[in-house]
2 protein chains.
Amino acid sequence: MYQIVIYMFSKACEYGIKASIFIALSSYKGVRVSLKAIAKEINSPEAFTAKILQDLVRHDVINSMKGAYGGFEIDKSLISSIKLSDIVNAIDGDAIYSGCGLGLDTCDEDHPCPVHHKFKSVREELRFMLENTNLEELALNIKSGASFLKV
Amino acid sequence: MYQIVIYMFSKACEYGIKASIFIALSSYKGVRVSLKAIAKEINSPEAFTAKILQDLVRHDVINSMKGAYGGFEIDKSLISSIKLSDIVNAIDGDAIYSGCGLGLDTCDEDHPCPVHHKFKSVREELRFMLENTNLEELALNIKSGASFLKV
DNA sequence: TTAAAATAGGATAAAATTATCCGAATTAAA
DNA sequence: TTTAATTCGGATAATTTTATCCTATTTTAA
Ligand code: FES
Ligand code: FES
């Protein structure tokens, strides 16, 4: 049996999104968080999470500070403008919404695969969701206890 | 960079879906198709495709016949009742629509992850699409030249 | 009955993703 | 200035997914 079929996200993205939310939450309180604290909070492997955070830093989604009392943070005033798609793009590169669902070289209206029209709406909805969900709202829901980062 | 983020389907599923469509198309004409012909038509690796076809046979999505003049086929009268979700389920097992988008142990209304409510609708639309698309319509679109299996 | 054409299935290999380890560089406090 | 706490980054390992190879089995036609 050839495992799992419909991933919404890779592990890398899962960790990236959850980490970003936790960093945002902490940044509201004005405190930087360490890799160790993040991995513990989101229940992810430390070293792997580090790689993903480095990616997010390079793409200016989050900031980092080395050394004692260092850690990760996000500029408070930017939290509401960071979208899920920014995080996903940072980890993926781009070419996210462009690929054909059935693996044709390009997704092309004029040369569609059998599921093209059926998938288009699903993909567009996914895209819309990613581009219209920001870190602030996700963080606030964690804060209020309306959602959870682990278990 | 930690590649690709949003898969709709695994390669195994892509090949499984495309192969099924081609087999359906051929079955309407009353001819069995060989693995070789399928792999060529959908532009997939032969041996890997063989494994996936075996899965589909075991799950009674398609039929196979060994020996000279053997190959794969689908009972003509069943083509319209085979849904995309049947193919996907055969290759995946199940547990498809159940998992949490952010990797929590379970997707649970009472203990939702930060993206749960946002994702629910996307996932439901995907599910609806898979359960309401049948092989017949996909095959007919190939036949009419409205869609394509490769390139 | 034999030979050729196919699928079935086990073993293995390659590639991609996920995960770990360790030393280097940086920072702040003591 | 030293030390401890951290992130950074390269190397490597484990796991999963994708792909290949080879032999056995089945089936039909000659
Ligand atoms: S061509 Fe396949 S999804 Fe558009
Ligand atoms: S709990 Fe994460 S998608 Fe439902």
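Numbers restart at 1 for each chain; the letters A, B, ... are given by sequence-line order, proteins then strands.
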Original post:
Going through the checks in order, is the side chain to side chain donor-acceptor pair (under 3.5 Å) test met by A:E73 and A:S26?
Top reply: CA-CA 7 Å; A:E73 66 189 334; A:S26 200; over 6 Å; no
Of the options [options], whose atoms approach the side-chain atoms of [X] most closely?
{"X": "A:Y69", "options": "C:dA29, D:dC8, D:dT18", "result": "C:dA29"}
{"X": "B:K11", "options": "D:dA19, D:dC8, C:dT27", "result": "D:dA19"}
{"X": "B:P45", "options": "D:dT20, D:dA5, C:dA5", "result": "D:dT20"}
{"X": "B:A47", "options": "D:dT20, D:dA5, D:dT27", "result": "D:dT20"}

Please give, in whole Å, the distance from [N] [atom2] to [X] [atom1]?
{"X": "B:K51", "N": "D:dA19", "atom1": "NZ", "atom2": "C1'", "answer": "10 Å"}
{"X": "B:D55", "N": "D:dT17", "atom1": "CG", "atom2": "P", "answer": "13 Å"}
{"X": "A:L35", "N": "C:dT26", "atom1": "CG", "atom2": "C1'", "answer": "16 Å"}
{"X": "A:M65", "N": "D:dC8", "atom1": "CE", "atom2": "C1'", "answer": "15 Å"}
{"X": "A:Q54", "N": "D:dT7", "atom1": "CD", "atom2": "C1'", "answer": "7 Å"}
{"X": "A:I52", "N": "D:dT7", "atom1": "CD1", "atom2": "P", "answer": "14 Å"}
{"X": "B:N43", "N": "D:dA19", "atom1": "CG", "atom2": "C1'", "answer": "14 Å"}
{"X": "B:R58", "N": "C:dA8", "atom1": "CZ", "atom2": "C1'", "answer": "8 Å"}

Original post:
Taking for each residue the nucleotide of DNA chain D with the nearest heavy atom, is it B:Y15 or A:L53 whose nucleotide lies nearer the 5' end?
Top reply: A:L53
**OP:** Compute whether any side-chain donor of one residue and acceptor of the other, for B:D75 and B:S77, lie under 3.5 angstrom apart.
**Re:**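 Present: a donor and an acceptor within the cut-off.
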Original post:
OP1 or OP2 of D:dA5 sitting under 4.0 Å from any side-chain N/O of A:S34?
Top reply: no
Original post:
Think B:S64 has a side-chain N or O under 4.0 angstrom from the OP1 or OP2 of C:dA8?
Top reply: yes
**OP:** Name the orientation class of the two ring planes belonging to A:F119 and B:F9 (parallel below 30°, tilted from 30 to 60°, perpendicular beyond 60°).
**Re:** tilted
Subject >> Polar side-chain atom of B:E125 near backbone of B:V122 as donor-acceptor pair, under 3.5 Å >> reply: no
**OP:** Mark yes or no for whether A:D86, through its side chain, and A:K83, through its backbone, hold a donor-acceptor pair below 3.5 Å.
**Re:** yes
